[in-house]
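Everything below concerns the one structure shown next.
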Amino acid sequence: MNITLRVWRQAGPSDQGRFETYRVSDISAEMSFLEMLDVLNERLTLEDVEPIAFDSDCREGICGTCGVMINGRAHGPQAATATCQLHMRSFSDGDTITVEPWRAAAFEIIRDLMVDRAAFDRIIEAGGFITVATGAAPEANLTPVPKDTSETAFDAAACIGCGACVAVCPNSAAQLFTAAKISHLNLLPQGSAERYSRTERMVDTMEQFFGSCTNHGECEAACPKEISIDFIAMMNRDYVKAKIQKRRGG
Amino acid sequence: MTAPNLDPRVPNGPLADAWDNHRFSIKLVNPANKRRFKVIVIGSGLAGASAAATLAELGYRVDVFTFHDSPRRAHSIAAQGGINAAKNYRNDGDSIDRLFYDTIKGGDFRSREANVYRLAQLSLNIIDQATAQGVPFAREYGGLLDNRSFGGAQVSRTFYSRGQTGQQLLLGAYQAMARQVGLGTVKLWVRTEFMDVVMKEGRAVGVVVRDLLTGEIRSHSAHAVVLATGGYSNVYYLSTNAMTCNVTAIWRAHRRGAAFANPCYTQIHPTCIPAAEEFQSKLTLMSESLRNDGRVWVPESPDDNRAPDQIPDQDRDYYLERIYPSFGNLVPRDVASRASKRMVDAGQGVGPRKNGVYLDFRDAIGRLGQQAISARYDNLMQMYNRITDEDPYRVPMRIYPAPHYTMGGLWVDYNLMTTIPGLFSLGEGNFSDHGANRLGASALMQGLADGYFVLPSTIGDYLADFLNEDPVPESDEAFTRTESELQDRISRLLSMKGNRTVDDFHRRLGRVVWDHCGMSRSRQGLDQALSDLPDLYEEFRASARVPGDGESVNQTLEKAARLEDFFELAMAMCVDARQREESCGGHFREEHQTAQGEAVRDDENFATVSAWFWTGDPSRPELQEENLEFENVKLSTRSYK
């Protein structure tokens, strides 16, 4: 396959950035999209051009490190697929592919396609956990969890923290990411003691960094783990309850 | 340099009481004094995050460093199948003793009894802890925890979260650590790479790190340093590890005096997707749990080019079931991998490049229905489909062994301290517990046992002696000297302006190590590798190209620095493999096999741990041996027939 790439190049956070065009030839359809970028980078290195900086690690869609906009779509054209799992067979010979970093006010561009997603960690630190010191846990089977509940909690817990939801949101909101963690923990009996305080702290922290949700639903469509926006509804319900509870003194 | 003696500090007395007795006999730091100690943790995977969270809960001041953009990216996240624990919820005869025995036997009798027994004991606490954290383990309809079977065991003791057990356990540990970050007891440094350990008066007193965004080199001082930086399978270039997994932290510690144990013990996992093309950057694992329901086979005839569903049973060789009738498709990983290699080497491989064997779900789907199989493995089936564009519900999967895990690592005593006082090593980065072969669903168990339970108890024994001592100031000559050595190294790497890429050399290194120190090793091959590697290393230094500067993001520079350490490690692996004149676990020496091609151990001469010390010449490390004493299990030839 022969491909033309338009890639966003930006030397650092303060650089203005621009698109550069590269031709990549003799690409195998079995190659992954990121392997195609690897091949281009090796060539650029030998041509004395700085290789394109991008983040990626596990290359099996689970670590959440990778993620770029491909022809305007987060993680590219294939549904439920992270960038690293996308293969060149999803494209046609002769295609022009535009590659850009996630764009959101909370995700500063570090260089080329790399962005800073540290705000996600701040949201988790605010309450995305169950308080149980090591050693204090009771015997695991003392608390049965209905299978359906456990499965729904898992569906939410499958989030990989890649940031695609924020990147595609017209408001750069992080509701899907935050709701996924809140729902995972709030649904389980183990997480119920901190249910409302967790929700309030995580949502309030989220709002320090990200825009507001206006129910576009783009996030769900872009999510490589197909996390449902139902979880946002659950989060909103718990947030309202938390605020009312607080006003009434607990 | 004279190497220090290897004292494993294994407690005396009955095995079942050893850990309790040890904890009672070692020194403690009282709760009010813990905040006077600072501990540095390198790495934020299962072992690092669980250790950091627990140390901070106890009151220590903890700094955690990761080169990822978030601690949640650590490669533990990619573990699929599950985590073992001797809960015996299935009432199928499991016990701590049985998990202990299975792990010792699975490791081919090359691990320390006391360590493995402790691991089996702590397996129970790990499941309790993870469940309380909200890890969504699979459950039965009654709401209680479900189990499945895994290779190398005849009981069902593996807890799992669909095919994403590592992800959920890592997020549990990450969240426990995030709680401490929020409380201010853990300070988190992301995109910051450990480059060297700082030594003063024979002890580890801190680290030198490099900020991957600015290139800044910085020192951090502490009372103790904990390395939890994972394994080194990427020495093979193609492996199931993530792209950035590397040996640098433990290798740099080795160069400062930490013994490196059993570097040649590497695990080649039997069920990975075969390479499809030349520029493949990594191989993807398909969880071993698939062998519960998938049957492994190849066509009887090498010339059989029919589509797999057109090949009738009588023309198929279900070779694992044929050779190992009692364990069948569930033989341990090393055994399954070698059997696949023999089939492919005999020309019976399948797929366009004839580099795989079939893993077929036809019979399980026929027996249980596609829905039941999908409930167990759908995420793996989808992953396979995305990579190969084939539907494994209809066409058998193609699999082949790939480097996956490294049992070797820094030598540690029972307290998980290396031969450098004050330097500890946890998880895959140390050598303990798995001997010459790791059983499935045991890596998560060991990483979390080390981090949640072992280190937090044992580190006090070291720290208690330094109660009234501040950490060595970062202005000390020990730090400034290490910083300037690193600066020189970075400058040297940046001056490499040759005409070949760093990846190109990594691929070539990988080929040498795979060919000569992979699934099968021989004296001749290892001699060859040891003669080729120094030349290739020299060629790398002379003609690799590192573009860019050292003051901003430079991913090629990062790779080049890690690759240097892989080169040196590769030599140590080959030296170790050549010295170990026996076959055991993942280490298969062609000279030591039965007429049927099974491994032949030499317990007379090699019931030992090979601990290597740095001498300055990577192909001439100095050997010291720790004798393994087996008082509770009888050494026997592993048989899975």
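Lettering of chains follows the sequences in order, A, B, ..., and the numbering in each one begins at 1.
A donor-acceptor pair under 3.5 Å is formed between the side chain of B:Arg73 and the backbone N or O of A:Cys63. The closest donor-acceptor contact from the side chain of B:Gln164 to the backbone of A:Ala158 lies at 3.5 Å or more, if one exists at all. Side chain of A:His184 to backbone of B:Gly134: a donor-acceptor contact under 3.5 angstrom is found. A distance-only check finds no donor-acceptor pair linking the side chain of B:Gln133 to the backbone of A:Val132 [under 3.5 Å]. Distance alone, capped at 3.5 Å, places no donor-acceptor pair between the A:Arg59 side chain and the B:Ala242 backbone. Side-chain atoms of B:Glu57 come within 3.5 Å of backbone N or O of A:Thr134 as a donor-acceptor pair.
If you measure heavy-atom distances from A:Val145 to chain B, the contacts under 4.5 Å come from both the backbone and the side chain. Of the atoms belonging to B:Gln382, not a single heavy atom falls under 4.5 Å from chain A. Within the 4.5 angstrom heavy-atom criterion, no atom of A:Asp112 approaches chain B. For B:Ser70, the parts sitting under 4.5 Å from any heavy atom of chain A are the backbone and the side chain alike. Only the backbone of A:Thr143 comes within less than 4.5 Å of a heavy atom of chain B; no side-chain atom from C-beta onward does. Looking at A:Asn141, both its backbone and its side chain come within 4.5 Å of chain B, counting heavy atoms on both sides. Both the backbone and the side chain of B:Gln280 come within contact range of chain A, with heavy atoms under 4.5 Å apart. Looking at A:Asn186, there are no atoms closer than 4.5 Å to chain B (heavy atoms on both sides), in backbone or side chain. Proximity to chain A is absent for every atom of B:Ser50, based on heavy atoms less than 4.5 angstrom apart. With a 4.5 angstrom heavy-atom cutoff, B:Leu144 touches chain A via backbone and side-chain atoms both. Interface residue A:Leu185: only side-chain heavy atoms are found under 4.5 Å from chain B. Residue contact with chain A, scored on non-hydrogen atoms closer than 4.5 Å, is absent for B:Ser76. Proximity to chain A (any heavy atom under 4.5 Å) is shown, for B:Asn125, by neither the backbone nor the side chain. At a 4.5 Å heavy-atom cutoff, the contact between B:Leu213 and chain A is made by side-chain atoms alone. Both the backbone and the side chain of A:Glu151 come within less than 4.5 Å of a heavy atom in chain B. When heavy atoms are compared at a cutoff of 4.5 Å, B:Leu58 does not approach chain A at all. Only the side chain of A:Glu50 has a heavy atom closer than 4.5 Å to any heavy atom of chain B. Heavy atoms of A:Ala53 lying under 4.5 Å from chain B belong to its backbone as well as its side chain. Residue A:Ala126: no heavy atom, backbone or side chain, is found under 4.5 Å from chain B. Of the two parts of A:Arg122, only the side chain, counted from C-beta on, holds a non-hydrogen atom closer than 4.5 Å to a non-hydrogen atom of chain B. For A:Ile52, the part lying under 4.5 angstrom from a heavy atom of chain B is the backbone only. Only the side chain of B:Tyr89 comes within less than 4.5 Å of a heavy atom in chain A; its backbone stays farther off. For A:Leu34, no part sits under 4.5 Å from any heavy atom of chain B, backbone or side chain. The part of A:Met114 that comes within reach of chain B is its side chain, from C-beta onward, which places non-hydrogen atoms under 4.5 angstrom from that chain. Contact annotation for B:Lys497: neither backbone nor side-chain heavy atoms come within less than 4.5 Å of a heavy atom of chain A. Looking at B:Gln129, both its backbone and its side chain come within 4.5 Å of chain A, counting heavy atoms on both sides.
In this structure, A:Arg117 CZ and B:Asp69 CG are separated by 4.5 Å, a value rounded to the nearest 0.5 Å. Between A:Arg43 atom CZ and B:Thr501 atom OG1 the span is 13.5 Å, to the nearest 0.5 Å. Note that the CD atom of A:Glu60 and the CD1 atom of B:Ile77 stand 11.0 Å from one another [nearest 0.5 Å]. For the atom pair A:Thr45 OG1 and B:Arg500 CZ, the distance stands at 14.0 Å (nearest 0.5 Å).
Looking at A:Asp155 and B:Arg162, a side-chain N of the basic residue comes within less than 4.0 Å of a carboxylate O on the acidic one, giving a salt bridge. With respect to the salt-bridge test (charged N to carboxylate O, under 4.0 angstrom), the residues B:Arg507 and A:Glu42 qualify. The residues A:Asp55 and B:Arg191 are annotated as salt-bridged, a charged nitrogen and a carboxylate oxygen being separated by less than 4.0 angstrom.
For the residue pair B:Glu277 and A:Ser28, no side-chain donor N or O sits within less than 3.5 Å of a side-chain acceptor on the partner. Side chains of A:His87 and B:Asp389: no donor on one and acceptor on the other come within 3.5 Å.
Environment of CZ in B:Arg545: crowded, with over 12 heavy atoms of neighbouring residues, nucleotides or ligands closer than 6.0 Å. Within a 6.0 Å radius of CD in B:Glu278, other residues, nucleotides and ligands contribute 12 heavy atoms or fewer.
The heavy-atom pair separating A:Ala140 from B:Thr131 by the smallest distance is CB-OG1, 3.6 Å. Annotation for A:Lys147 and B:Tyr141: closest pair CD-CE2, 3.5 Å, computed over non-hydrogen atoms. Across B:Thr556 and A:Pro51, no two heavy atoms sit closer than the pair OG1-CG, 3.7 Å. Between B:Ser281 and A:Asp38, the shortest heavy-atom contact is CB-OD2, 3.8 Å. Minimum heavy-atom separation, B:Ala178 to A:Ile124: CB-CG2, 3.9 Å. Contact detail for A:Phe154 and B:Ser161: the closest heavy-atom pair is CE1-CB, 3.3 Å.
Counting heavy atoms from C-beta on, the side chains of B:Gln167 and A:Ile160 come closer than 4.5 Å. Contact annotation: the side chain of A:Asn41 never approaches that of B:Gln555 to less than 4.5 Å [non-hydrogen atoms, C-beta and beyond].
Listed options A:Gly191, A:Ser150, A:Ala157 were ranked by heavy-atom pairs under 4.5 angstrom with chain B; first place goes to A:Ala157. No other option in A:Ala80, A:Ser32, A:Ser56 has as many heavy-atom pairs under 4.5 Å with chain B as A:Ala80.
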